[in-house]
Amino acid sequence: MKKVFLESHNLKNKYSGFGQFNYHLIKALAKTPLKGFKITLHAKNVKELKAEFGSTFKYKKYRSITRHKPFRIKKKYNLWHCLNQNIKVEPFFNIPYLLTVHDVHFVEEGSSLLQAKLKAKFNEKLKRANGIVYISEFAKKDTHHHFNVPNIPEYVIYNGNTITDISIPEGYKPEITSERPFLFSIGDFSERKNFITLVEMLQFLPEYNLILSGNNTSIYADKLTALVKEYGFENRVFQTGKIEDLQKQYYLQHCDAFVFPSLREGFGIPPIEAMRFGKPVFISNNTSLPEIGGEHSFYWDHYDPQYMAETLQLGMARFHNAQEFYENWYVNRAKSFSWETTAQQYVEVYKKLLNL
């Protein structure tokens with residue numbers, strides 16, 4: 001029986017982007033027949049995983065000291081799967097290595113010193129890898145644009161949709177909500193997510209409020225809050241902070257539209273989650289978003305506030321003129337992104353690299 005190691009310690013931040021990816025991939029792998037190999041999960045809260053998955057997997061408790069070279073994990077697994085490009089935990093020995101690349105945003109973000117440091121670490125991963133999985137065609141193209149990728153097997157495997165069951169308990173209502181029609185978005189409050197443009201857009205959309213969810217403890221969040229006060233939008237723009245699945249589903253179910261003006265996305269799960277509720281989706285026409293959004297999402301080519309508002313108003317009119325068509329299309333597209341399919345494709349990659 002061969003052994004596959006999943007470097008999955010980002011499970012400790014379950015509601016972060018990487019945490020969600022790790023958890024939903026593992027949950028789907030637990031339902032997928034595994035023949036000829038056994039998976040070991042590397043995580044901080046082993047007890048919680050054992051309670052959910054039992055003997056389906058083996059487990060190794062994460063210790064932060066293993067990030068340092070002398071203390072790296074020395075067991076010789078048949079395949080080590082690094083679940084994202086930023087992970088600092090690496091195997092001690094030169095063993096077969098699969099790398100999942102979500103994005104290479106670090107080539108353009110932060111100081112030049114930080115960029116150089118992260119590029120060097122990523123180049124080390126590329127040299128070590130025996131196979132690479134990208135979460136979108138864009139992520140693959142962008143990686144090749146910025147790096148000298150070795151001649152090894154490469155695969156594109158889309159993420160699944162994290163929301164499949166959309167039943168919300170009757171009478172449920174989160175603490176923060178809007179009595180007026182509202183637009184919704186979710187993500188870290190950062191330059192890349194570009195939320196400030198949504199606040200500016202509200203000047204030309206007096207009929208809407210805006211609810212923003214995600215980690216809002218940042219300099220960018222402070223700038224956004226200051227802009228809200230400057231425009232006098234304290235009763236129109238609501239920041240919820242981090243939210244769990246039930247709150248997110250409530251906002252997706254009750255919003256008039258989902259808005260996502262991100263500047264860079266390796267994949268972009270939130271628009272797909274909104275599609276599961278049949279909601280009109282307004283997204284940036286860049287990076288992976290057209291690939292994920294498809295032909296019937298609505299796109300912003302730039303971020304002039306009045307243009308963004310007009311694009312939204314025109315899109316909403318088109319949506320309401322053929323609402324049944326759009327709702328069905330969105331729901332079907334969301335369902336086409338399945339974690340079960342994702343897990344099956346990863347298993348096939350494991351088998352190839354294990355020579356099974």
Side-chain angles (χ1 to χ4, degrees), residues 17 20-21 24 101-105 134-142 156-164 166 182-188 190 192-195 197-198 201 205 208 210-214 248-249 251-253 255-304 307-339 341-342:
Q20 285 280 287
F21 171 82
H24 287 286
V101 176
H102 298 251
D103 60 67
V104 290
H105 299 330
Y134 304 94
I135 64 170
S136 66
E137 292 289 350
F138 167 76
K140 179 179 179 181
K141 179 181 177 182
D142 204 32
V156 173
I157 300 178
Y158 287 140
N159 294 341
N161 178 17
T162 54
I163 298 177
T164 51
I166 60 172
F182 68 93
L183 310 173
F184 176 60
S185 195
I186 186 170
D188 287 339
S190 65
R192 175 156 49 91
K193 295 302 182 184
N194 204 23
F195 284 164
T197 61
L198 297 176
M201 177 182 72
L205 296 171
Y208 288 115
L210 173 65
I211 294 179
L212 298 172
S213 295
K248 178 168 64 176
Q249 290 191 35
Y251 294 134
L252 290 171
Q253 187 177 77
C255 70
D256 273 30
F258 183 78
V259 287
F260 200 66
S262 180
L263 300 177
R264 288 180 63 87
E265 290 293 325
F267 183 76
I269 286 180
I272 295 171
E273 294 177 331
M275 290 179 190
R276 182 64 184 87
F277 291 83
K279 296 296 180 174
V281 169
F282 293 82
I283 54 181
S284 299
N285 191 15
N286 64 36
T287 61
S288 69
L289 290 170
E291 182 182 347
I292 304 307
E295 60 183 320
H296 294 300
S297 291
F298 302 101
Y299 295 95
W300 289 305
D301 295 320
H302 58 85
Y303 305 104
D304 173 78
Y307 156 79
M308 290 180 69
E310 290 171 354
T311 299
L312 188 135
Q313 289 169 328
L314 289 170
M316 292 301 293
R318 286 175 57 189
F319 174 81
H320 288 301
N321 285 337
Q323 188 162 339
E324 184 177 0
F325 164 79
Y326 275 104
E327 287 178 346
N328 289 336
W329 188 89
Y330 282 132
V331 170
N332 288 332
R333 185 159 184 84
K335 288 181 177 179
S336 73
F337 293 93
S338 160
W339 280 109
T341 300
T342 301

Does a side-chain heavy-atom distance below 4.5 Å link [X] with [Y]?
| X | Y | result |
| --- | --- | --- |
| F182 | Y251 | yes |
| Y299 | I283 | yes |
| H296 | V281 | no |

Minimal heavy-atom distance between G268 and L289, with the atoms involved, is CA-CD2, 4.5 Å
S213 and F184 have their tightest heavy-atom pair at OG-CE1, 3.4 Å
Distance from [X] atom [atom1] to [Y] atom [atom2], nearest 0.5 Å?
| X | Y | atom1 | atom2 | answer |
| --- | --- | --- | --- | --- |
| I269 | I186 | CD1 | CD1 | 11.0 Å |
| C255 | L183 | SG | CG | 7.5 Å |
| D103 | F138 | CG | CZ | 8.5 Å |
| N159 | S338 | CG | OG | 11.5 Å |
| I211 | L198 | CD1 | CG | 13.0 Å |

Step through it carefully: locate the ring centre of F260, locate the ring centre of F258, and say whether they are under 6.0 Å apart.
yes
- Query: How about H102 and F267: are their ring centroids closer than 6.0 Å?
  - Reply: no
Tell me which donor-acceptor pairs under 3.5 Å the side chains of residues 308-318 have, and how far apart each pair is, sequence neighbours excluded?
from	atom 1	to	atom 2	distance (Å)
T311	OG1	Y307	O	2.9
R318	NH2	Y326	OH	3.3

Residues passing the salt bridge (charged side-chain N to carboxylate O under 4.0 Å, His left out) test with K279, sequence neighbours excluded, are none
Subject >> I292 vs Y158, side-chain contact (heavy atoms from CB on, under 4.5 Å): CA-CA, chis, key distance, verdict >> reply: CA-CA 9 Å; I292 304 307; Y158 287 140; 4.2 Å; yes
**OP:** Kindly indicate, with the supporting measurements, whether the criterion side-chain contact (heavy atoms from CB on, under 4.5 Å) is fulfilled by N161 and E273.
**Re:** CA-CA 6 Å; N161 178 17; E273 294 177 331; 3.5 Å; yes
Sorted by chain and number, sequence neighbours left out, side-chain hydrogen bond (donor to acceptor under 3.5 Å, both in side chains) with Q323 holds for H320, E327
side-chain hydrogen bond (donor to acceptor under 3.5 Å, both in side chains) filter on R276, not counting sequence neighbours, yields none
**Message:** Strictly distance-based, threshold 3.5 Å: is any side-chain N or O of S136 a donor or acceptor partner for the main-chain N or O of G266?
**Reply:** yes
(request) Determine yes or no for a side-chain-to-main-chain donor-acceptor pair under 3.5 angstrom, with D188 supplying the side chain and S190 the backbone. (result) no
So the salt bridge (Lys or Arg N to Asp or Glu O under 4.0 Å) pairs with at least one residue in residues 288-303 (sequence neighbours excluded) are none
Residues 260-272 vs salt bridge (Lys or Arg N to Asp or Glu O under 4.0 Å), sequence neighbours excluded, gives E108-R264, D142-R264, K193-E265
Begin from the C-alpha positions of Y303 and S284 and carry the test side-chain hydrogen bond (donor to acceptor under 3.5 Å, both in side chains) through to its verdict. CA-CA 9 Å; Y303 305 104; S284 299; 2.8 Å; yes
Show the numbers, then the answer: is there a side-chain contact (heavy atoms from CB on, under 4.5 Å) between W300 and F282? CA-CA 7 Å; W300 289 305; F282 293 82; 3.6 Å; yes
